[in-house]
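Inspection log for the structure reproduced underneath, given as structure tokens.
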Amino acid sequence: MNPESLALDRVLSIPPYPPGRPIAAVAREFGLDPKKIVKLASNENPLGPSPRAQQAITAGAGGASLYPDFETFALREALSRQLGITPDRILSGAGSSDHIILVARAFLEPGTSALIPQYSFASYRGAIDSVGAGTIVVPARDFGIDVDRLLEAIDDSVRVIYVATPNNPTGTRLDRNSLQHLLARIPERIIVVLDEAYRDYLDPSDRPDTDHLPESRPNVIVLRTFSKIYGLAGLRVGYAIADPAIVRVLRRLQAPFSVGALAEAAATAAIGDVDFLHKTRSLNALERERVAGALGAAAIDYVPSHGNFILLRVGDGRSTFQSLLRRGIIVRPVDNYQLPAWIRVSIGLPAENDLFLSHLLEVVSSASNAVGI
Ligand SMILES: Cc1ncc(COP(=O)(O)O)c(C=O)c1O
């Protein structure tokens, strides 16, 4: 008997999440020196974790034999002070991935559906499929969210809308007016997940005031993560801002102790590391502009990005990904987003970006020579 046949059909039909290839795996596969491999595949912080977070991890290591604080009191207190909201509006979790799934489990079931814009972050689809709900995909406009089409697509079956701004993999964002227009027209009976994983890469003046949004719109759940600008992707920690009643609902479903003690300590320390955040944002903005400029100069199409990555058109995304991999540069193919001609590259350190650009130009030009263009 194949034990797989014991699993639910809807589970077997979920495509596995395709993560960025880890450095160690690529080194093994291609016989490369791991120190020479550049990973620009998962939108991580090239500066590493905030130094304050690193100190907190070291200081907390001796306590790792104890279960973490179930309430993540210290983290929620620190966030409460930073955001000016009460701690009962904050739900910590094992990264935003945790919250994305919790929302699907709490508000969706077979016969209901969720609405997502085309080219949305892949985990939404996985979460929706896992609970047997339907997905309505709303076609994008210029790679971004078509707000009016999204509103038109709402029908009685829709219970949840997932929207990321800035969005992965496109890097597009909803400006303040479009967001207001959208939220004002979504019926209150629908949960809106506003995924702000890349919020901190926006210029502060471009960030909508979403900290307080659930106070006036209790159907909105705002997701934030420590995986990106805070440089803590390996620890798995994020949080949701929501109405206290929604926080209580989601908590019922969450695995106990989903945020580890070191993850909580590191995140709590990282919140106050303003210099590190500033340094990361400035480096990203400078390098993103430089990479975009080089792509433009080489006549390579790209989507202007508000995140720490760029989506660019290379002709054959999968083979470009493979060629770069052999050269020790890990990027992300995006054919799973129905973008077979494109790849996504994270913004790294200046030397990493230079290496990516020089290899990319070689790979792309040898590919176009091979097909005689
Ligand atoms: C738009 C978006 N949301 C959420 C996540 C999940 O991040 P994490 O689970 O590490 O917090 C990612 C990760 O790439 C993302 O791109």
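When a ligand or atom number is given, it counts from 1 through the structure's own listing order. Only this structure's heavy atoms are used, side chains among them; waters, hydrogens and symmetry mates stay out.
- Remark: ligand 1 and Asp195 share an N or O pair separated by less than 3.5 Å (distance only, no angle test).
- Less than 4.0 angstrom separates some heavy atom of Arg236 from each of these atoms of ligand 1: 8 (P), 9 (O), 10 (O).
- The shortest heavy-atom distance from Asn43 to ligand 1 is not under 4.0 Å.
- Counting heavy atoms under 4.0 Å from ligand 1, residue Ser227 touches it through the side chain alone.
- Here the protein heavy atom with the shortest distance to atom 5 (C) of ligand 1 is Phe121 CE2, 3.4 Å.
- Cation-pi geometry between Arg332 and Tyr337 is not met: the NZ or CZ atom fails to fall both under 6.0 Å from the ring centre and inside 45° of the normal.
- Asn168 and Arg344 form a side-chain donor-acceptor contact under 3.5 Å, judged by distance and modelled atom types alone.
- Annotation for Ile145 and Ala164: closest pair CD1-O, 4.2 Å, computed over non-hydrogen atoms.
- Screening Phe143, Phe309, Phe321, Tyr302 against Trp342 for a ring-ring contact (aromatic ring centres under 6.0 Å, His included) leaves a single residue, Phe143.
- Close contacts between ligand 1 and Asn168 involve ligand atoms 1 (C), 14 (O), 15 (C), 16 (O) [criterion: under 4.0 Å to a heavy atom].
- In terms of heavy-atom proximity, Asp335 sits nearest to Arg318 at OD2-NE, 2.8 Å.
- Among Ser120, Ser97, Ser42, Pro169, the residue whose heavy atom sits closest to atom 7 (O) of ligand 1 is Ser97.
- Shortest non-hydrogen contact noted between Leu283 and Pro46 is CD2-CG, 4.4 Å.
- In terms of polar-atom proximity, Tyr198 is counted as a contact of ligand 1, with an N or O under 3.5 Å from an N or O of the ligand.
- Counting atoms of ligand 1 from 1 in the listed order, those under 4.0 Å from a heavy atom of Ala197 are 2 (C), 3 (N).
- Rounding to the nearest 0.5 Å places OG1 of Thr210 at 10.5 Å from CG of Leu223.
- Heavy atoms from both the backbone and the side chain of Ser96 come within less than 4.0 Å of ligand 1.
- Annotation: atom 14 (O) of ligand 1 to nearest protein heavy atom, Lys228 NZ, 2.9 Å.
- Enclosure of atom CZ in Arg252 is not indicated, since only 12 or fewer non-hydrogen atoms of other residues, nucleotides or ligands lie within 6.0 angstrom.
- Heavy atoms of Phe226 come nearer than 4.0 angstrom to ligand 1 in no pair at all.
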